[in-house]
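Both counts, for ligands and for their atoms, begin at 1 and track the order of listing.
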Amino acid sequence: MIKKYTYGTPFETEAVVVDIKAESTPEYGTVSCENGFCFEYQMEKQDTVFGLGESNRGINKRGYLYISNCTDDPEHMEHKVSLYGAHNFIVVSGKKSFGLFVDYPATVCFDIGYTHSDILKITCDDDNLNLYVIEGESAYVIVKQFRRLIGKSYIPPKFAFGYAQSRWGYVTKEDYREVVREYQKYHIPLDMIYMDIDYMQDFKDFTLNQQNFNDFTEFVKEMKQNHIRLIPIIDAGVKIEKGYSVYEEGVKNNYFCKREDGSDFVGAVWPNDTHFPDVLNKEARKWFGSHYKVLTEQGIEGFWNDMNEPAIFYTPEGIQKLKGNMKEFIDKEPTKEDVWAMRDELRYLSNNPSDYKIFYHHVDGKKIRHDKVHNLYGYNMTRAAAEGLEEIENHKRYLLFSRSSYIGMHRYGGIWTGDNMSWWSHLLLNIKMMPSLNMCGFLYVGADLGGFGADTTRELLFRWLAFGIFTPLMRNHSAGGTRRQECYQFERTEEFKNLIDVRYRLIPYLYSEYMKAALQDDMYFKPLAFVYPEDEIAREIEDQLLIGNEIMIAPVYTQNAKGRCVYLPEQMMMLKFLGNGTIAVDTLEKGYHYVNVDLNEVVLFVRKGCCIPVAEAAECVEKINTKNMVLYGYSESEYFLYEDDGVTKEYQKDCKVLKKG
Ligand code: MIG
C-alpha cells in the first residue's frame, strides 16, 4: 500500500513512475510546514531503520545523522554526513513497519535518533515536495513495493560482469597495452580497461588526445582482439575554448547553466574554466547525450560519468572574493583568527555551497536556482547519456554508471561509490553499503577495489577483490600518485589468478541473480535481517550478506586475519574455492563457526535446500561455457538459471531448470 502526500508545489524529479493520487495527512508521524518541511516520528526502542542508499555507516541507519546533498568529498571518514548520492528512501522496521520516500531535489536531513535517540526527524529547507509512505508487513516487502514505484533498474551488458582494471594515470597506448600484456602473462581474466581523463585532449569531453590516440578506432579494435573493452570517462564540465564544437554549440543554443544575469556560468574543473550543460533542460539533455556517439562510432560500448555533483574547484566569483580578502589580509598585521580564516577560505574554495546559489537551470520555461535542485544533476547527466545511447541503437545495452545520483537514475545506469581510500574500514563500508543501494534501486554497483586514495597493500587488495567477486561492478581503480595496484604489481602474482577465476566461474550464477533482481524489482544483495527477521542474531549482522536467493557471503575485512567468525542462521553448505582451483565442500550447522580463509581463497555458503551452478574459469566473459557447469549444494535441489544474449534488451521470461542429483 503506497500513499502520496503533496506539500506546496514540488519540482518534478521523475523519480517515480507510477501515478498516485495525493492524500491529505499521513498516518505515521507528524508533519509541520512552518519552517520548511519537518517530519517527526517517535521510534520504538526496537525499531531498526534501513535505506539511504549510498550513505555512510551501517546497514541499520539508526543512531546517526545523514544529509542528502551530493558532494564531491574524497574523504569518507566515519563522521561524514554527505557522500555523492542522494537516496531519500528509508524503512522503519519494527512492530509497525513503513517506508518513506522524500522526493525532494535539494538538501534533506535525516536525523535518525541522533539528536534524540527515539526520534526520527526529517527536514528540508522548504516545503515543496512529495512524500510517499509505503506500508507492508516487513522491511523486505516494503522495499519491493518501493522498487515498483520507481521503475525497473538499469541492466548492463553481460561483459560488464567481467573484471576491470583502471587507474588514473594511464596516458599512452603503451600504458594500456602493458595492462593487457601483464594480465595475459599470468592468465588472469580481464574484460575491461577504464580510460581516465588523460585520454582526452586537454580534458575536453568527447575528444581524444591527438598525439596518443590519433587512430583511436584502430586501437579500440586492437583491444577487442584481446577481448578487452575500453571504457572512457566523461566529465560534467565542458571546456571553454574557441573552436571546440561542444562548447560553441552549447553557447549558441543556450544549453549551459546560466548566471542570474543570463550569462553562461563558469566553474573551473580539470579543463580549467568550463560551462555546465543544463541537463535538467530537455533540449540541452538531448544535445549533451547525442555526443556520446562520437565515441560509440569508434567502437566504444560503455562510459563512466564523473564530477557530476557537479564538482567545482572554484568560480571566478569565488576567486574575486578571495582576492579581496587576501588584499585585506596582506595589508594588516593578522591575528591568529585572521590566519585561520584565510586558511579556511582557501580550503573551502572547492564545492562551495555559495557557488551552487549563483547559477540557474531552465526547465519548462521556468528558471530554477541550482541549489534548489542540486541533487538532480548527476542523475540527469547520466540520463542524458542513457537516452543518447538509446538513440544510437535502441536494442543494445551499454555499460553506464555515474558518480553522483538521485533515485530515478537507477533506471539509466549504475553507480560506483567514488573516491574511497585503501583502508580496511572502507572495505567494510563497501560491504555494508551494497544492500542499501539495492533498496534504492541501484543494482549495478561497486566500489574502487583496493581503494582509490592512499597506498594499498597486497593483503588488502586480496581481501577486497575477494569481496568484489560478488559485486556486479568489479573494478580495481586507484588514484595517480598512490602505490600501483594492478595485480601484477605484487609478488606471487599467480595467486591472484585463482581469485579472479572464481569471479568468472560464478558469473553465470551472479548474472542470473542480477537479472532476476532487475526484472522482478528485487534485491541482489540482502541484509540477513530481511531474510531471517525472526532470528535475533541474524538481524544484527552487518558484515555478512545474502546474494540472490541461494548464497550468503562473509568477507574477511581485517588485516592479518587467517579467517573469521561466521554466523549461520540455518544449516548451510560451505564452498571453499581453494588456491589450486578445486572446491572443498562442507556442511555446517546453524550457529557460530570460525572459518579459515587463506588470502587466495574464496568462501561462500549455499543456503539449505539450494544449489548453484559453477562454470570453469575463462579468460573473458564471452568465453564462459555454461554447457558444462557443475551444480554445488544440496542434493535433490534445483536452480533456475536465467540466461540471455547479454547484449540486446530481449530479456527472457523463463529460466532453465537445473536439477542436482
Ligand atoms: O577530481 O578523473 O572519482 O575515479 O579517477 C578527481 C580523475 C576526478 C574523480 C573520480 C576518480 C577519477 C578522478 N576523478
Heavy atoms under 4.0 Å from ligand 1: which residues qualify?
W168, D196, I197, I233, W270, W304, D306, M307, R403, W416, D419, F452, H477
Would you please name every residue forming a side chain to side chain contact (heavy atoms under 4.5 Å, CB included) with R57, sequence neighbours left out?
Y64, Y66, E78
Got a donor-acceptor contact below 3.5 angstrom from the T207 side chain to the M200 backbone?
no
Testing K224, K158, R229 one by one against E622 for a salt bridge (charged side-chain N to carboxylate O under 4.0 Å, His left out), which residue passes?
R229
Residue pair Y84, I415: steps toward the side-chain contact (heavy atoms from CB on, under 4.5 Å) verdict:
CA-CA 10 Å; Y84 307 90; I415 51 188; over 6 Å; no
Can you list the residues that meet the side-chain hydrogen bond (donor to acceptor under 3.5 Å, both in side chains) rule with Y255, with sequence neighbours excluded?
none
Excluding sequence neighbours, so at least two apart, what forms side-chain hydrogen bond (donor to acceptor under 3.5 Å, both in side chains) with R347?
D344
